[in-house]
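Structure first, commentary second.
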Amino acid sequence: MPFCPCLRAVPAVLALFTASVCAAEPPLTLAAALAEAAAQSPRLRAAELAAAQARQSARAAAAWPGPEVEVSPLTSNQRGADWDADVSQALYDPTLAPAARAARAAWSAAGLDLEEARRDLRADVQTAFVGLVAAQRQVAARQQELDLVRKLRDAAAKARDIGERPGVEVLRADLELSRAEQELLAAEAGADQARAALNSRLGRDLQAGVTVEEVLFGRPAIDRLALVELALTRPRLRSAALRVEQQRALASARRGELAPAVRLGGWRDHADQEHGVRVTVAFPLFDSGRIRGDAAAAATGARVAEQELEVDRREVRLEVEQAVVAVADAGRRRSAYTDAILRQAERLMALTEFGYQTGERSQLELLDARRQLGEVRRATIDLDRALSEALVELQRAVGDLPLQAAPLTPVGDAQ
């Protein structure tokens, strides 16, 4: 069958169709990203399994040991072949209650570890999300600058053709156009990297195409003392406190091995047809060092856990303090930059463009004003990102700080 040349166009048509479908997809919202990340996170699955494992261990430790049956076939010079049977039930074991307390503490700690993992994942996704938001805005800003330079280049070429402007202005515009194109490519590469970072958090293919809804986190009211008090209730610290309790209970269980254990048993002698009931009190005749050594190790483990808890408390206080300073600094710089620099740069651009159209300003002055405005806008985007990331880190440090995401104004609307 002869090959149809039109089949060569099928891959290109499919690619265009796929691109059009992807382009038609609405931007990913932050709430959808958080839900998708939670559903796809292996870290959360591992934490959930660890909590389930701890729950099963706690239930096993809380269950009272069942009766034991011991059948002993034997032979002797008096009775020949014979057997004895013994059924026993523990009445008191000094190691059981502290072991159950240790297992319950481990179960509760595992649940808190799961909650801390959820909050860490939320912060990681939010950071990646605002990173892609900033990268998208940088691409839009670079594209806007490129479009402006192209218009200036076309206007310079027309003015040169009719003799109103020198030809050197076209050369300058060509140079600026090449620079703007390269800067756009760099911004697009940065967006690809930010997109891969978010895709990794979402469990998607790293090269999957995704655009996100552009949002900015609003600054909440900040009370340092209140935030520190809130941070000290984080699941991380409560879990560390439970680890201390777990180690103390394990130390108690080890010491309990030195105390007597009581068992109730029933026995039967087959040869003599004799049976009866007995109470057994068992305790170590002497300790070679194993029991006391295990108890001392467990007690030391409890002291280690106490010191680790204090380390965690200090780290949390430091994280809150650093995050509060970062939020205050980022907010102050963002507000000052908008009031003192961005508005002036936009006004300078408007005046220079009007002067260029009336012949009072040169193209070089217009390109310089355009470059300054572009740099200021890109710096504003970076400051927006810094503020959002600082707020996310404050939320991570505090543990439970709701952030309000507001839509962003598209780049260039203020001009």
Side-chain angles (χ1 to χ4, degrees), residues 9 12-13 15-25 27 132-195 209 211-212 214 337-338 340-385 407-415:
V13 173
L16 290 174
F17 175 76
T18 302
S20 63
V21 171
C22 293
E25 293 181 356
L132 183 52
V133 168
Q136 288 180 175
R137 298 182 70 204
Q138 292 285 5
V139 171
R142 293 291 188 182
Q143 183 63 59
Q144 187 182 49
E145 294 171 23
L146 179 61
D147 294 340
L148 177 58
V149 173
R150 281 175 177 163
K151 293 179 181 178
L152 292 176
R153 196 272 177 198
D154 293 341
K158 292 179 181 179
R160 178 202 58 189
D161 293 341
I162 62 177
E164 292 184 354
R165 294 281 184 177
V168 70
E169 291 192 353
V170 178
L171 180 60
R172 289 172 179 167
D174 286 335
L175 177 61
E176 196 70 18
L177 181 61
S178 299
R179 179 183 299 171
E181 290 172 344
Q182 293 301 314
E183 291 172 345
L184 176 60
L185 291 175
E188 290 174 343
D192 289 339
Q193 293 175 348
R195 189 172 294 108
T211 58
V212 296
E214 297 192 349
Y337 207 87
T338 301
I341 301 178
L342 179 59
R343 293 176 183 174
Q344 295 181 15
E346 290 174 341
R347 178 170 174 77
L348 175 62
M349 179 63 191
L351 293 175
T352 306
E353 186 175 15
F354 178 77
Y356 177 76
Q357 293 173 353
T358 59
E360 296 178 359
R361 300 292 182 184
S362 66
Q363 185 199 50
L364 183 61
E365 291 175 300
L366 181 60
L367 290 175
D368 183 64
R370 192 277 317 163
R371 189 181 300 111
Q372 290 186 34
L373 178 59
E375 292 174 354
V376 169
R377 282 179 173 166
R378 293 191 299 275
T380 303
I381 294 172
D382 291 336
L383 290 173
D384 285 340
R385 176 178 181 175
L408 279 168
T409 301
V411 176
D413 281 6
Q415 184 177 345

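Nothing here was measured: the structure is a model prediction, and the numbers come from that model. Sequence positions, counted from 1, serve as the residue numbers for this chain.
Taking the side chain as every heavy atom from C-beta outward, Val133 and Arg137 approach each other to under 4.5 Å. Considering only heavy atoms from C-beta on, Leu148 comes within 4.5 Å of Met349 through its side chain. Looking at Glu188 and Leu185, their side chains come closer than 4.5 Å, going by heavy atoms from C-beta outward.
Atom CD1 in Ile341 sits 13.0 Å away from atom CG in Leu348 (nearest 0.5 Å). We find the CD-CZ distance between Glu183 and Arg371 to be 8.5 Å, quoted to the nearest 0.5 Å. Interatomic distance, CD of Gln372 versus CZ of Arg370, reported as 10.5 Å (0.5 Å rounding).
In terms of heavy-atom proximity, Leu146 sits nearest to Ala180 at CD1-CB, 3.8 Å. Scanning all heavy atoms of the two residues, the minimum distance from Leu132 to Ala191 falls at CD1-O, 3.8 Å. Closest approach of Ala187 and Val139 over heavy atoms only: O-CG2, 3.4 Å. Shown here for Gly209 and Arg195, the closest heavy-atom pair between the two residues is CA-CD, 4.1 Å.
Distance alone, capped at 3.5 Å, is enough to place a donor-acceptor pair between the Gln136 side chain and the Val212 backbone. Counting only distance, with no hydrogens or angles, the side chain of Gln143 and the backbone of Leu184 share no donor-acceptor pair below 3.5 Å.
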Start with the C-alpha gap between Arg150 and Glu181, add the side-chain angles, then the distance that decides, and say whether side chain to side chain contact (heavy atoms under 4.5 Å, CB included) holds. CA-CA 10 Å; Arg150 281 175 177 163; Glu181 290 172 344; 4.1 Å; yes

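Residues passing the side-chain hydrogen bond (donor to acceptor under 3.5 Å, both in side chains) test with Arg385, sequence neighbours excluded: Glu389. Residues passing the side-chain contact (heavy atoms from CB on, under 4.5 Å) test with Leu351 are Arg347, sequence neighbours excluded. For the side-chain hydrogen bond (donor to acceptor under 3.5 Å, both in side chains) test, no residue two or more places apart in sequence or in another chain qualifies with Glu375.
Salt-bridge check for Glu176 with Arg153: failed, with every basic side-chain N at 4.0 Å or more from each acidic carboxylate O. Electrostatic pairing of Glu346 and Arg343 does not count as a salt bridge here, judged by no charged N lying under 4.0 Å from a carboxylate O. Salt bridge status for Glu145 with Arg378: present, with a side-chain N to carboxylate O gap under 4.0 Å.
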